[in-house]
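Per chain, numbering begins at 1; letters A, B, ... match sequence-line order.
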Amino acid sequence: MTVRVRFAPSPTGIPHVGNIRTALFNWLFARHEGGSFVLRIEDTDQTRLVPGALDAIIDSLRWLGLDWDEGPEVDGPYGPYHQSQRLEHYRRAAEGLIAKDAAYRCYCSPERLEQVRAEQARRKEPPRYDRRCRNLNEDDRAQEEAKGTVPVVRFKTPLSGREEFDDIVRGHVVFENETLDDFIIVKSDGFPTYHLANVVDDHLMEITHVLRAEEWLPSTPRHLLLYDALGYAAPQFVHLPMILGSDRAKLSKRHGAVSLLEYRRQGYLPEAMFNFLGLLGWSLDDRTEIISREEFIRYFSLERIVKNPAIFDVEKLTWMNGVYVRALSPERLAELLIERLEEDLPPDVPRPLDRDYVLRIVPLVQERIKRLDEAAVLTVFFFVEGPLEYPPELLLGKRFAGKRDEARRALESATSRLPAVDRWEHDALEGALRPLAEELGLKAGDLFMLVRVAVTGQTATPPLFETMEVLGRERCLARLDDALHRLT
RNA sequence: GCCCCCAUCGUCUAGUGGCCUAGGACGCCACCCUUUCAAGGUGGAAACGGGGAUUCGAUUUCCCCUGGGGGCACCA
């Protein structure tokens, strides 16, 4: 039997890293097994649809390279892949259950249900449907129908017995039926609930393994009951550990950056995110951190999925992203940087950026940025034309604090010495300034810092002489001159 | 309140009865390299929640407790 798995998001929000990790594990399992990865959209709640959510889902998956074999935009033999287009299947299934007396119509109003729950809460009882409509007779039903009450359909849960199954990561799990209630399978608007639609589709689409987040574990007995009542064979269940926020609670917008696309915006690379997410709840061995997509596919196994929840640690993601940034080819990094810088640089910097120029900057920043969005601050001075903006005190720094004259003299010497450098290249520049420091009785670093600020307006920059080389003679001398004026 | 799951450094994890004086990684600290910032190198601090039981021997098996998480909708 070939493996068929699915990722079944509902378009009710932007997918967060936990959702996508679930997609990733499904995808990895399918690719490892040579099976199929299905994308199914669970849009059965018409009231909660969020515009743009579907695009965000597709965007997120594509960004990580999680391609699906069947689903939206990819026709397959089991379509359609939007549940809202499969209502007939659910309706038929529900009717079959009613006919078999495995389900029944319930006419209780939401208000009454609310009351029941409130009452149960008061008595510290578990909130459950009190099964009032479970045994309605023909007359009762006719009466309700006559009143025009639109019913829901509830599953007739056995009052005793138990549901058990072997979860691939959890092991043997048992639920007593008496702790379950008669859950709704068709809402009054005629749409199925998750439970029904999910079971019907997983069966119809011949899904072999259900990999989903652990939050679904408690509803698995309901699904088992449905599979059984419908006469379907249940798939293998694989409940994945949750990904929690730093407060150990379920991920929500409350946790700041949680959406995958938000990380993309911050300048994380898809290959780093892929690697990081793949290691949240799964590991290859006791030492491997950097794993390529091919290796993930080759080695991924359900057996090595961990049971305990994981906290999403951005710090480690950021480190890993740095590893991937450094591994990029200069050409690729230049490409990414151009796109990014054109976005982030001040508006007066002319676009488009010159590719060859950026290519010269790349080696200076590659090992200094962990995220793409750090590039702009680190490189603005390469792009702005006029005088730099920085407070004069920055020139003085710690070394020349209160010694303005000394700083000015040093800078003057440097400024007058530099024009004589015939080749404006880093080694020649260093060859001019390093001896000068000694002549002036200054530590090389102190003189260099003075020049660095004059030329870049910043105290943290790529190596000074390489930077000056890229900036070019004219711009450097003009900035040196400008700095001198600020000191007088 | 009821049900279910989980439990190794702050975090991600290795570990499946003796190989553990518990390994790796991020982060943190120190030192080295160094013109700043990084990157890199070296070293360091840092964990088996508690109690029973099984066993010659438990991080590893079982039970209880505690702690954490999840679920209990006409949401998925």
Would you tell me if any nitrogen or oxygen in the side chain of Thr459(A) comes within less than 4.0 Å of OP1 or OP2 on U36(B)? no
Roughly how far apart, to the nearest Å, are G70(B) and G40(B) at atom P? 36 Å
Would you please confirm or rule out a distance under 4.0 Å between OP1 or OP2 of G23(B) and any side-chain N or O of Arg287(A)? no
Rounded to whole Å, how long is the line connecting atom CG of Asp247(A) with atom C1' of G70(B)? 14 Å
Arg326(A) vs G40(B): side-chain N/O to OP1/OP2 distance below 4.0 Å: yes
Determine whether a donor-acceptor pair (N or O, by modelled atom type, separation under 3.5 Å) exists between the side chain of Asn321(A) and the backbone of Leu317(A). no
Given 3.5 Å as the limit, does a donor-acceptor pair link the side chain of Arg486(A) with the main chain of Pro392(A), or not? no
Residues in side-chain contact (heavy atoms from CB on, under 4.5 Å) with His203(A), at least two apart? Tyr232(A)
Phosphate oxygens OP1/OP2 of U11(B): is one of them under 4.0 Å from a side-chain N or O of Arg248(A)? yes
Separation between the P atoms of C31(B) and G17(B), rounded to whole Å: 44 Å
Is there any protein nitrogen or oxygen under 3.5 Å from a nitrogen or oxygen in nucleotides 61-66 of chain B, and what are the pairs?
none

Between protein and nucleotides 71-76 of chain B, map the contacts as a letter string: B base, S sugar-phosphate only, - none, heavy atoms under 4.0 Å, written 5' to 3'. SBSBBB
